[in-house]
Amino acid sequence: MAARRMSVCLAARKGLFGTRPVPRHGLKELACSATRSFQTSSRRYEQQANTKAKRDPAPKIVRGGSKLFKDADEAVADLQSGSTLLSAGFGLCGTADTLIEAIRKRGANSLKDLTVVSNNGGSANGGGLAPLIEAGQIGRLVMSFLGNNKALEKKYLSGEVAIELTPQGTIAERLRAAGAGIPAFYTPTGVNTLLQSGDIPVRLGPVDKATGQPTILEKGKPRETRIFDDKIYGMETALPGDVAIIRAWKVDEAGNCQMRYATKAFGQAMAKAAKITIVEAENLVKVGEIHPDNVHLQGIYVDRIVPATVEKKIETKNLRQDSTSFTEKKSDSTIRRERIARRTAKELKDGFYVNLGVGIPTLAPSFLDPKSQVWIQSENGILGMGPYPTEEEIDADIINAGKETVTLIPGASTFDSSESFAMIRGGHVDVSVLGALQVSANGDLANFMIPGKVFKGMGGAMDLVGNPDKTKIVVATDHVAKDGSAKIVETCALPLTGARVVSMIITDLCVFEVDRVKGGLTLIELAPGVDLDEIKQKTAAKFAVAENLAYME
């Protein structure tokens, strides 16, 4: 019986199928006539050892010695040009600013052509990766959001920097896969968009005089697709790095790390995906001083430890308004935004788990019934987000997806970005509310890019609309754009964030229900003082009118 259960591979090597033995090295395909008793594949591939001559730009791991380095300068002294650098943080929250400054001090003559993976490219006021971009040390970025970094946008449009726009949740999962030894996976994020087709330019060239448009030196990579359970998914590959730079609140001498609140966003995944991880410690402690239950990143993933010497920065400081501010006369814009937010709040039912996009959607909780319990999820790693803080409550480690200071309510939890987007893609969020540049009559959403004018990135939006059968997608937006053009259209002309994903549109003028399956809009509510003719005039799509047409409050 033992001989009958011998593997096909071993049997082939011993020549039991009448073929010559398979060499242990070299690539060869072997077709075997396996008997049923083996119950295994009859085809075998022997792979040659990876002996490619490509230089490995990562510093070498040294086991057994101390992980402590006297400062960041010493820890980054052997980083090499051409390395892939994984830079943790979300906005300016949790960024390794001490290590970034040490890399900047190396200068472009010593350290350049870096490929950097990060959620964003730093802030306009010089935080995060901004110093490395300004110094010309970064040649390529894999990121989800440019934000307000006009200098980076200019470098991209002029072809100085290549940018691989990648959804926030996809970056997190590609990092997680790399750290877990998984080469690729399938995701619903970005299907039927320019991301899937590879038509978001990575590197631009000079402007074509004939067309007035920049030439494209490097296109994106089309995603392979596959159907599972009648739904299309795109394949994404793992995203490994040479060096990861992260920041932690407390680190022991063995490299165990404890992180605070929203600083967890990318630190854990990046540390696991890199060949070498350098952590800057706000507090360095002895082994055993961090309780095992409080270790968020284990020492096995950490190779170098340096003291954090650069102060934390807050990108957007927003404070809770006091009661007197509500007595002031409101602008037309404020009245319009609050009307949308008040109606949006009706979609947030008691006990719901809800994700709110940046801008108007974040105003909705202000209009909730105080007796209701709505759990607000922020994609950077918060479940149970509270209102803006008072001056005394500000904590640089607690921010929302818009990089604004916020608070946590009793029962809240914090986690990393891969966990956050598992909640989102997995359909565990009941309602997701987003803004829009355009939304079509069949529920297509465009909200991240206007070619030639706006290039901000999709952030987490493509992930947020990735499971519309389980998560209701609501668009909360002004009815028309600033130039007076219609936002609600028959067919989107702008690059899509998601196809057939929106179920409801709430504007300052009305509310539409969207039939994602058959296509079509139904007007169900009008704002006070608005008539049907105005809606027809300002909507560039056909729509039906509900028999029991109601009015917004």
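Just so you know, these numbers use all the heavy atoms, side chains as well, and skip hydrogens, waters and symmetry mates. Note that the coordinates shown come from a computational prediction; the quantities given were computed from them, not determined experimentally.
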Under 3.5 Å: donor-acceptor pair, side chain of [X], backbone of [Y]:
{"X": "Thr471", "Y": "Pro468", "answer": "no"}
{"X": "Thr115", "Y": "Arg140", "answer": "no"}
{"X": "Thr539", "Y": "Ile535", "answer": "yes"}
{"X": "Thr507", "Y": "Cys510", "answer": "yes"}
{"X": "Ser378", "Y": "Ile382", "answer": "no"}
{"X": "Thr98", "Y": "Val310", "answer": "yes"}
{"X": "His479", "Y": "Leu509", "answer": "no"}
{"X": "Glu280", "Y": "Leu99", "answer": "yes"}
{"X": "Arg223", "Y": "Lys221", "answer": "yes"}

Inset, instruction - Could you tell me which residues satisfy side-chain hydrogen bond (donor to acceptor under 3.5 Å, both in side chains) with Gln258, sequence neighbours excluded, listed by chain and number? - result: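 Gln258 satisfies side-chain hydrogen bond (donor to acceptor under 3.5 Å, both in side chains) with no other residue.
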Inset, instruction - With sequence neighbours excluded, tell me which residues meet side-chain hydrogen bond (donor to acceptor under 3.5 Å, both in side chains) with Arg342. - result: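 Partners of Arg342 by the side-chain hydrogen bond (donor to acceptor under 3.5 Å, both in side chains) criterion come out as none, since no residue qualifies.
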If we ignore angles and hydrogens, is there a donor and acceptor under 3.5 Å between the side chains of [X] and [Y]?
{"X": "Glu393", "Y": "Thr407", "value": "no"}
{"X": "Thr405", "Y": "Asn318", "value": "no"}
{"X": "Asn447", "Y": "Thr497", "value": "yes"}

Output the distance between atom [atom1] ([X]) and atom [atom2] ([Y]), rounded to the nearest 0.5 Å.
{"X": "Ile409", "Y": "Gln373", "atom1": "CD1", "atom2": "CD", "result": "4.5 Å"}
{"X": "His428", "Y": "Met423", "atom1": "NE2", "atom2": "CE", "result": "8.5 Å"}
{"X": "Gln268", "Y": "Tyr301", "atom1": "CD", "atom2": "OH", "result": "10.5 Å"}
{"X": "Leu86", "Y": "Ile245", "atom1": "CG", "atom2": "CD1", "result": "9.0 Å"}
{"X": "Asn467", "Y": "Ile424", "atom1": "CG", "atom2": "CD1", "result": "11.0 Å"}
{"X": "Leu445", "Y": "Thr477", "atom1": "CG", "atom2": "OG1", "result": "9.5 Å"}

Answer yes or no: does atom [atom1] of [X] have more than 12 heavy-atom neighbours from other residues, nucleotides or ligands under 6.0 Å?
{"X": "Asp229", "atom1": "CG", "answer": "no"}
{"X": "Ile182", "atom1": "CD1", "answer": "yes"}
{"X": "Tyr233", "atom1": "OH", "answer": "yes"}
{"X": "Glu553", "atom1": "CD", "answer": "no"}
{"X": "Lys231", "atom1": "NZ", "answer": "yes"}

Legend entry - Pairs meeting criterion ring-ring contact (aromatic ring centres under 6.0 Å, His included) with involvement of residues 396-427, two or more places apart: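 Applying ring-ring contact (aromatic ring centres under 6.0 Å, His included) to every pair that reaches into residues 396-427, excluding sequence neighbours, yields nothing.
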Inset, instruction - Could you pull out all residues at least two apart from Arg516 that satisfy salt bridge (Lys or Arg N to Asp or Glu O under 4.0 Å)? - result: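 With sequence neighbours excluded, Arg516 shows a salt bridge (Lys or Arg N to Asp or Glu O under 4.0 Å) to Asp469, given in chain and number order.
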Inset, instruction - Could you pull out all residues at least two apart from Glu391 that satisfy salt bridge (Lys or Arg N to Asp or Glu O under 4.0 Å)? - result: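 Per chain and number, Glu391 pairs via salt bridge (Lys or Arg N to Asp or Glu O under 4.0 Å) with Lys317.
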Inset, instruction - Show your reasoning for whether side-chain contact (heavy atoms from CB on, under 4.5 Å) applies to Leu157 and Leu204. - result: CA-CA 6 Å; Leu157 294 174; Leu204 298 176; 4.0 Å; yes
Carboxylate-amine/guanidinium proximity below 4.0 Å for [X] and [Y]:
{"X": "Arg336", "Y": "Asp478", "value": "yes"}
{"X": "Lys346", "Y": "Glu525", "value": "no"}
{"X": "Asp463", "Y": "Arg425", "value": "yes"}
{"X": "Lys542", "Y": "Glu490", "value": "no"}

Inset, instruction - Go through Lys219 and Asp199 one step at a time and tell me if the salt bridge (Lys or Arg N to Asp or Glu O under 4.0 Å) criterion holds. - result: CA-CA 6 Å; Lys219 291 184 63 176; Asp199 288 320; 3.3 Å; yes
Inset, instruction - Determine, stepwise, if the pair Ile103 / Leu114 fulfils side-chain contact (heavy atoms from CB on, under 4.5 Å). - result: CA-CA 11 Å; Ile103 293 171; Leu114 297 172; 4.3 Å; yes
Inset, instruction - Could you please spell out the steps behind the salt bridge (Lys or Arg N to Asp or Glu O under 4.0 Å) verdict for Lys264 and Glu419? - result: CA-CA 10 Å; Lys264 299 184 183 77; Glu419 184 71 44; over 6 Å; no
Inset, instruction - Kindly determine whether Asp444 and Arg500 satisfy side-chain contact (heavy atoms from CB on, under 4.5 Å), including the steps that lead there. - result: CA-CA 5 Å; Asp444 293 346; Arg500 293 184 177 268; 3.9 Å; yes
Inset, instruction - Specify whether Tyr353 and Trp375 have parallel, tilted or perpendicular ring planes, treating 30° as the upper limit for parallel and 60° as the lower limit for perpendicular. - result: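 Judged by the thresholds at 30° and 60°, the geometry between Tyr353 and Trp375 is parallel.
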Legend entry - From CA spacing to verdict: side chain to side chain donor-acceptor pair (under 3.5 Å), Asn119, Ser144: CA-CA 5 Å; Asn119 177 66; Ser144 72; 2.9 Å; yes
Inset, instruction - For Glu282 and Arg260, run salt bridge (Lys or Arg N to Asp or Glu O under 4.0 Å): C-alpha distance rounded to whole Å, both residues' side-chain angles, the deciding distance at 0.1 Å, then the answer. - result: CA-CA 11 Å; Glu282 294 176 28; Arg260 293 184 77 242; over 6 Å; no
Inset, instruction - Please name all residues satisfying side-chain contact (heavy atoms from CB on, under 4.5 Å) with Pro495, sequence neighbours left out, ordered by chain then number. - result: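 Pro495 satisfies side-chain contact (heavy atoms from CB on, under 4.5 Å) with Leu194, Phe448, Met449, Pro451 once adjacent residues are dropped.
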Inset, instruction - Begin with the C-alpha distance, continue with both residues' side-chain angles, and end with the deciding distance and a verdict on side-chain contact (heavy atoms from CB on, under 4.5 Å) for Ile505 and Leu521. - result: CA-CA 9 Å; Ile505 306 168; Leu521 302 173; 4.1 Å; yes
